[in-house]
Amino acid sequence: MHTEYFIVDKDQPDKQTMQRAAELLKQGKLVAFPTETVYGLGANGLDSQAVSNIYQAKGRPSDNPLILHIANQQELIPLVTEIPANAQVLMDKYWPGPLTVVFKRTNIVPDIVSGGLGTVAVRLPASTVACELIALAGIPIAAPSANTSGRPSPTSAQAVLADLDGRIDAIIDAGICDIGVESTVVDCTTPVPTLLRPGGITLEMLMDTLGEVEIDPALNGGTQCIPRSPGMKYTHYAPAAPMILFEGTYPHIADLILKEIETALAAGQKVGVIVSEETAERLPATVVSAVYGLRQHTEEIAANLYTALRSFDDSPVDIIYAEGIPEEGLGLAVMNRLRKASGYKIIKE
Ligand code: TXA
Ligand code: MG
């Protein structure tokens with residue numbers, strides 16, 4: 001299949017181009033598009049066949065449900081049986097934005113969207129391109145991150161094409177995504193809303209707004225827990241080589257990484273690292289490095305994370321060592337992704 005390539009301005013996308021892309025979605029085609037978090041792979045969310053094509057293009061397990069994207073709050077009403085008070089508070093505060101809310105669903109949501117669950121995840125993105133596309137299509141758009149299942153999410157059109165060129169009908173390129181990690185997923189069907197996936201809206205922001213938030217035990221990597229967000233049980237975000245995550249405080253964490261590097265180099269291994277600028281200054285020259293920013297700049301680290309994880313695709317290494325950061329603000333989402341990317345192979349200080 002030939003993948004049509006559209007380039008638009010992030011803030012003022014060309015109307016005709018957007019209309020062409022929306023037309024493809026209405027015809028049941030697959031269109032990758034940028035959001036403020038990551039690129040999504042969109043299809044008509046009410047068309048089971050179109051949604052099934054998403055699963056096929058990504059190689060995604062069919063019990064991992066998709067998020068429906070809408071362009072205004074009105075479009076939520078036919079999709080859900082009720083809007084709990086807590087959900088309304090969250091929507092008023094954080095929509096449009098990087099927040100996904102889980103509701104009880106109505107019958108117009110195809111089973112394949114919700115992976116057989118009685119619930120549906122809905123998000124109203126802030127990105128102009130995403131919103132205009134959804135509004136022009138006039139339908140809820142099912143869109144997982146536009147990567148091959150198990151790979152790091154794409155934050156650029158180039159990363160989407162690396163995985164899906166020739167497997168999807170079109171892509172809209174509007175440059176790099178601002179936030180760089182996916183939306184926060186909150187289940188509002190529980191008496192106290194439950195955080196299922198940390199993301200662009202931080203836990204601190206949720207606590208501030210709601211006073212009380214439960215945290216899904218599966219978030220801590222507990223294998224004995226049954227994840228309520230089905231996506232959490234699969235390998236995710238995996239780079240091209242095995243990765244070990246280091247957790248601890250600076251500068252001890254850097255000392256620990258440098259020691260491991262020395263051992264690996266002495267054993268003749270080719271080593272890659274994902275580290276802060278502070279640690280990068282101390283690296284041996286033979287190490288392949290992806291630098292994500294200063295340790296304090298959590299937003300910058302989030303924005304660079306997936307590019308860093310993908311940076312070893314073309315420069316093969318035997319092992320990747322990644323430097324963890326404190327779990328404050330976006331740091332919680334960053335650490336959640338790094339832990340999963342490492343398959344929970346973690347060395348603690
Ligand atoms: O930022 C984002 O959310 C991006 C952009 C494209 O909007 N989308 C995204 O979709 O990350 P995806 O499919 O890669 O991740 C959706 C997550 C998965 O962990 C999935 O299991 C969970 O949301 N999810 C979807 N529907 C759910 C439901 N009904 N109940 C619980 N979790 C759900
Ligand atoms: Mg994903």
Side-chain angles (χ1 to χ4, degrees), residues 31-43 45 51 54-55 57-70 79-80 94-106 109-127 129-131 133-134 140-155 159-160 163-164 171-172 177-190 193-201 216 218-219 226-238 302 306 309 330 333 336-337 340-341:
V31 179
F33 63 95
T35 78
E36 72 276 24
T37 57
V38 301
Y39 274 73
L41 177 57
V51 174
I54 291 183
Y55 283 92
K58 278 182 61 96
R60 180 170 171 121
S62 61
D63 66 344
N64 189 3
L66 305 179
I67 297 170
L68 287 183
H69 295 66
I70 56 176
L79 306 174
V80 304
Y94 299 117
W95 278 6
L99 176 75
T100 296
V101 181
V102 175
F103 300 90
K104 292 191 176 129
R105 71 177 173 98
T106 60
V109 178
D111 280 344
I112 187 165
V113 168
S114 54
L117 298 173
T119 54
V120 63
V122 185
R123 156 158 138 80
L124 203 171
S127 138
V129 174
C131 268
L133 180 69
I134 301 160
I141 300 297
S145 48
N147 51 280
T148 299
S149 197
R151 296 258 300 138
S153 299
T155 51
V160 175
D163 282 11
L164 298 177
I171 177 166
I172 304 174
C177 301
D178 291 334
I179 297 176
V181 290
E182 298 89 338
S183 63
T184 302
V185 181
V186 178
D187 184 352
C188 282
T189 68
T190 48
T194 308
L195 176 67
L196 301 184
R197 178 178 74 181
I201 300 295
D216 190 335
L219 265 189
I226 298 168
R228 294 216 324 250
S229 188
M232 294 195 298
K233 70 172 181 267
Y234 295 106
T235 308
H236 261 320
Y237 318 113
Y306 290 136
L309 284 167
L330 282 178
N336 169 264
R337 308 308 191 267
K340 295 180 105 184

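Just follow the structure's listing: the first ligand is 1, and inside any ligand the first atom is 1. In this chain, residues are counted from 1 in sequence order. The analysis underlying the following values was restricted to heavy atoms, covering all of them including side chains, and did not include hydrogens, waters or symmetry mates.
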Trainee: Looking at ligand 1, is there an atom of it that comes within less than 4.0 Å of some heavy atom belonging to Arg105?
Mentor: no
Trainee: Would you please determine whether Ser114 falls within less than 4.0 Å of ligand 1 on a heavy-atom basis?
Mentor: no
Trainee: Output the list of atoms in ligand 1 that are nearer than 4.0 Å to some heavy atom of Leu196, sorted by atom number.
Mentor: 31 (C), 32 (N)
Trainee: For residues Thr100 and Arg197, is any side-chain donor paired with an opposing acceptor at under 3.5 Å?
Mentor: no
Trainee: Who gets closest to atom 15 (O) of ligand 1 by heavy atom: Arg123, Glu36, Arg197?
Mentor: Arg197
Trainee: Looking only at distances, please establish whether an N/O atom of ligand 1 is found under 3.5 Å from an N/O atom of Asn64.
Mentor: yes
Trainee: Atoms of ligand 1 less than 4.0 Å from Thr119 heavy atoms?
Mentor: 28 (C), 29 (N), 30 (N)
Trainee: Give the atom numbers and elements of ligand 1 that come within less than 4.0 Å of a heavy atom of Glu182.
Mentor: 1 (O), 2 (C), 11 (O)
Trainee: Could you tell me, atom by atom, which parts of ligand 1 come under 4.0 Å of a heavy atom of Ala143?
Mentor: 6 (C), 8 (N), 10 (O)
Trainee: Under a 4.0 angstrom heavy-atom cut-off, which atoms of ligand 1 come close to Gly40?
Mentor: 6 (C)
Trainee: Only heavy atoms of Ala121, strictly under 4.0 Å: list the atoms of ligand 1 that pass.
Mentor: 25 (C), 26 (N), 27 (C), 29 (N)
Trainee: Which of the numbered atoms in ligand 1 are below 4.0 angstrom from a heavy atom of Ser145?
Mentor: 8 (N), 9 (C), 10 (O), 12 (P), 14 (O)
Trainee: Got a sec: is Asn147 within less than 2.8 Å of the Mg ion (ligand 2) via an N/O/S atom?
Mentor: no
Trainee: Just go through Arg60, Lys104, His69 and tell me whose heavy atom is the nearest to atom 7 (O) of ligand 1.
Mentor: His69
Trainee: Run the side-chain hydrogen bond (donor to acceptor under 3.5 Å, both in side chains) test on Arg337 and Ser153 for me, step by step, so that the C-alpha distance in whole Å, both residues' side-chain angles and the decisive distance to 0.1 Å come before the verdict.
Mentor: CA-CA 10 Å; Arg337 308 308 191 267; Ser153 299; over 6 Å; no
